[in-house]
Every structure is written in structure tokens, then in C-alpha cells.
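Comments concern the structure below.
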Amino acid sequence: MPELPEADAARRRIADHCLHRTIEGFTIGEVSHVDLPPTDQLDRFIGTQLTRTHRHGKYIFAGSVDGPWMHIHLGMAGSLRVWDDGGDVPDYARLTVNFEGGRRLTFRDPRKFGHVQMVADVDQFVADKGLGPDAMQIGDNAFANVIGGTRGAVKSALLDQGKLAGIGNLWADESLYRTGIMPDAKASDLPAEQIAALHTTVQDVMGTVMDKNADYSQLPRDWLIHNRTDGADCTRCDGTITKMTVGGRTSYHCPAHQT
DNA sequence: TGATATGTTTTACT
DNA sequence: CAGTAAAACATATC
């Protein structure tokens with residue numbers, strides 16, 4: 001379920017298990033309709049090593065100081081798996097990086113909405129994509145300006161990757177639930193204190209998910225993520241979880257304590 | 001069987 | 001320009 005925290009957990013798997021190993025080659029899985037680098041671009045990585053990783057919003061980068069970078073976007077259902085030769089090949093494998101010593105890094109993507117591409121310059125890529133500041137890095141003033149300056153629904157603003165990058169549907173709902181703001185509240189009508197509280201909560205929610213390595217079973221039981229069902233009992237008041245559509249996205253909230 | 005889905009992009013309209 | 005809405009992408013799951 002890839003939003004910023006899930007992307008960061010994936011990035012960490014590369015950082016912890018795949019750096020400083022010479023790339024021997026690539027194995028391409030089912031390629032139809034999957035956006036992968038052309039073979040000649042992949043070939044440029046052969047013989048090099050990944051030495052560092054980076055993440056901006058939901059975009060993962062892996063590369064080296066003087067070599068090419070690859071960027072990975074997990075789309076709706078993508079994930080990264082690290083394994084060793086001799087183990088089971090992950091299902092839905094689209095692209096596997098083969099390192100020396102048998103280490104394998106597989107991009108798997110059941111729904112094929114993700115992509116992997118080679119990028120020359122990370123900062124340039126982020127600029128070209130028009131991404132806003134990373135949601136974990138954005139400061140108080142910038143957050144207040146970008147959210148408070150939006151005339152539309154606050155949730156739509158949170159999800160706008162051009163305003164700030166990394167928040168997706170699940171953690172937008174979670175953050176609004178915990179801050180007590182209705183998803184369809186007009187952002188520019190929110191008092192400054194509430195926007196400040198939302199900023200704190202967004203970073204707290206996603207920081208917690210990262211701390212738990214995006215393992216949802218380790219998240220507190222009173223989080224909305226465990227109760228995203230129409231009609232469920234609210235864990236924060238005596239209200240009832242209700243489903244609505246905001247900005248074309250399914251939104252779960254509690255109308256009793258979110259206003 | 002049909003509805004729904006965690007993301008992004010494009011197009012069209014207000 | 002800011003915002004809304006819908007569709008498309010390809011497939012798995014409930």
C-alpha cells in the first residue's frame with residue numbers, strides 16, 4: 001500500500017541490503033504494459049554499484065554519485081523484495097536486479113501501475129514532475145501557506161503531490177481523523193491552529209508508520225486504518241465511521257468528531 | 001458477477 | 001490560473 005511511509009520502507013530495504021554490490025545484470029518479468037527502462041539504459045548499470053538511496057514523496061531513487069540513478073514508483077500495488085538466489089522468485093516480478101553473490105532485488109507489481117525509469121539527476125526529476133516539498137520535510141509556514149491557500153477540500157490539498165509530496169488516500173484519512181477535521185472542509189476556512197495541528201498529525205502519522213516499517217499490524221489499535229469500514233464504531237468518540245467521496249477518492253471519516 | 005481499490009495523468013468543463 | 005470531475009491505465013480481491 002504505497003504512500004510515503006511504504007515507499008520509505010522499500011527504500012530502506014535497498015539501503016540495508018543492496019548497496020555496494022556489483023550489478024551483474026537484470027531479469028525482466030512480464031513486461032507487457034509495465035513501464036521499465038529500455039535495455040540499453042539498464043545495461044548502463046551493469047558493472048556499477050548502488051551506493052545511495054533517496055526518496056521524495058512516493059518516489060524512490062537508487063544510484064551512485066557518478067553513475068546513473070533509477071527511480072521507482074510503486075503505483076497502486078507495487079513493492080520491492082530482497083532475496084537471494086536459490087530462494088523463491090517473487091510473484092508478479094517485473095524487474096529483478098541481479099547483484100554479485102546472488103543477492104536479488106525485485107520490483108513486483110500485480111496491478112502494473114508502477115514504473116521504473118533511469119534518471120540522470122534527482123533534483124531535476126523532482127522539478128520536472130512538479131512535486132512539492134516532501135511531506136516529512138515541509139515546514140510549518142510552507143504547510144500553512146500551501147494548505148491554507150487552497151480554496152477546495154482540505155483532503156484534496158493533502159493529496160495534491162504538487163503542493164506537498166507523499167500523502168496518499170489512507171494517511172490523508174488517518175490524519176484528518178486524528179485531527180478532527182472533515183475531509184471536505186474548505187481548507188482556506190480552517191483556523192491557523194487547526195492547520196498547524198494537521199501538519200503535526202500528518203508527520204506524526206507517517207513517522208509512526210515508518211517507525212513500524214509500514215507493518216500495519218503494529219500500528220495502534222485505535223487508528224482508522226484498522227476500521228476503514230462503513231458503519232464501524234469510531235475509536236475516538238461514540239460516532240460511526242462513514243464513507244463519502246471527496247475529490248473523487250473514497251474517504252472514511254467520523255462525522256461526530258470531524259468537523 | 002460486479003463493485004471497488006492504496007496512484008497518476010490527461011482531458012474537459014466551470 | 002484554481003478547482004472539479006471523469007476516465008483511463010491492468011489486475012486482484014471481496
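Order of the sequence lines sets the chain letters (A, B, ...), proteins ahead of strands, with each chain counted from 1. Heavy atoms only: backbone and side chains are in, while hydrogens, waters and symmetry mates are out.
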Practice item. Nearest whole angstrom, please: distance from the C1' of B/dT6 to the OH of A/Y216. Key: 7 Å

Revision key, fill the gap. A/R111 CZ to B/dT6 P, in whole Å, measures 9 Å

Point to revise | Pairs satisfying ring pair (Phe, Tyr, Trp, His ring centres under 6.0 Å), at least one member in residues 99-129 of chain A, at least two apart | key: A/Y59-A/F125, A/F61-A/F125, A/H71-A/H115, A/H71-A/F125, A/H73-A/H115

Exercise for review: Please test A/T27 against A/N98 for side-chain hydrogen bond (donor to acceptor under 3.5 Å, both in side chains), starting from the C-alpha separation and ending with a verdict.
Suggested key: CA-CA 7 Å; A/T27 304; A/N98 302 318; 2.9 Å; yes

Review point. Which part of the nucleic acid, if any, lies within reach of A/T250 when heavy atoms closer than 4.0 Å are counted: base, sugar-phosphate only, or nothing?
Key: sugar-phosphate

Practice item. Determine whether more than 12 heavy atoms belonging to other residues, nucleotides or ligands lie under 6.0 Å from atom CG of A/N141. Key: no

Practice item. Sequence neighbours left out, what passes ring pair (Phe, Tyr, Trp, His ring centres under 6.0 Å) with A/H257? Give chain and number order. Key: A/Y177

Point to revise | Polar contact flag, side-chain donor to acceptor under 3.5 angstrom, A/R81-A/T106 | key: no

Point to revise | A/D88, CG atom: more than 12 neighbouring heavy atoms under 6.0 Å | key: no

Check your understanding: Given the rule in the side chain to side chain contact (heavy atoms under 4.5 Å, CB included) test, do A/T150 and A/S156 qualify, once you have shown the distances and angles that lead to the verdict?
Key -> CA-CA 9 Å; A/T150 300; A/S156 298; over 6 Å; no

Check your understanding: Of the residues in residues 150-160 of chain A, which ones touch DNA chain C at a heavy-atom distance under 4.0 Å?
Key -> A/T150, A/R151, A/G152, A/A153

Check your understanding: Nearest-Å distance, CE (A/M206) to P (B/dT6)?
Key -> 16 Å

Review point. Checking all strands, does A/G75 fall into the base, sugar-phosphate, or nothing category for heavy-atom contacts under 4.0 angstrom?
Key: sugar-phosphate

Practice item. Rounded to the nearest angstrom, tell me the gap between atom CG in A/D173 and atom C1' in B/dT6. Key: 11 Å

Exercise for review: Take atom CD of A/E3 and atom P of B/dA5, then tell me their distance rounded to the nearest Å.
Suggested key: 14 Å

Practice item. Can you tell me which stems DNA chain B forms, taking runs of 3 or more consecutive Watson-Crick or G-U pairs with both distances under 3.5 Å? Key: B:2-5 with C:11-14, B:7-14 with C:2-9

Review point. Base, sugar-phosphate, or nothing: which does A/K129 touch, judged by heavy atoms less than 4.0 Å apart?
Key: sugar-phosphate

Check your understanding: How far, in whole Å, is C/dA6 from B/dT4 if one measures between their P atoms?
Key -> 14 Å

Practice item. Check whether more than 12 heavy atoms from other residues, nucleotides or ligands sit under 6.0 Å from atom CG of A/N213, and answer yes or no. Key: yes

Check your understanding: Roughly how many Å is it from CZ in A/F113 to C1' in B/dT8, rounded to a whole number?
Key -> 9 Å

**Study point:** 5' to 3' contact window, DNA chain C with chain A (heavy-atom distance under 4.0 Å)
**Key:** C/dA2 to C/dA12

Point to revise | Other residues, nucleotides, ligands: >12 heavy atoms within 6.0 Å of A/Q218 CD | key: yes

Review point. Atom CG of A/L170 to atom P of B/dA5: distance rounded to whole Å?
Key: 11 Å

Exercise for review: Give every residue pair that meets the salt bridge (charged side-chain N to carboxylate O under 4.0 Å, His left out) criterion with at least one member in residues 132-155 of chain A, sequence neighbours excluded.
Suggested key: A/R55-A/D134, A/K155-A/D173

**Study point:** CG (A/D238) with more than 12 external heavy atoms under 6.0 Å
**Key:** no

Check your understanding: Any side-chain donor-acceptor pair under 3.5 Å between A/T53 and A/R11?
Key -> yes

Practice item. Rounded off to whole Å, could you give me the CG-to-C1' distance for the A/D230 and B/dT4 pair? Key: 13 Å

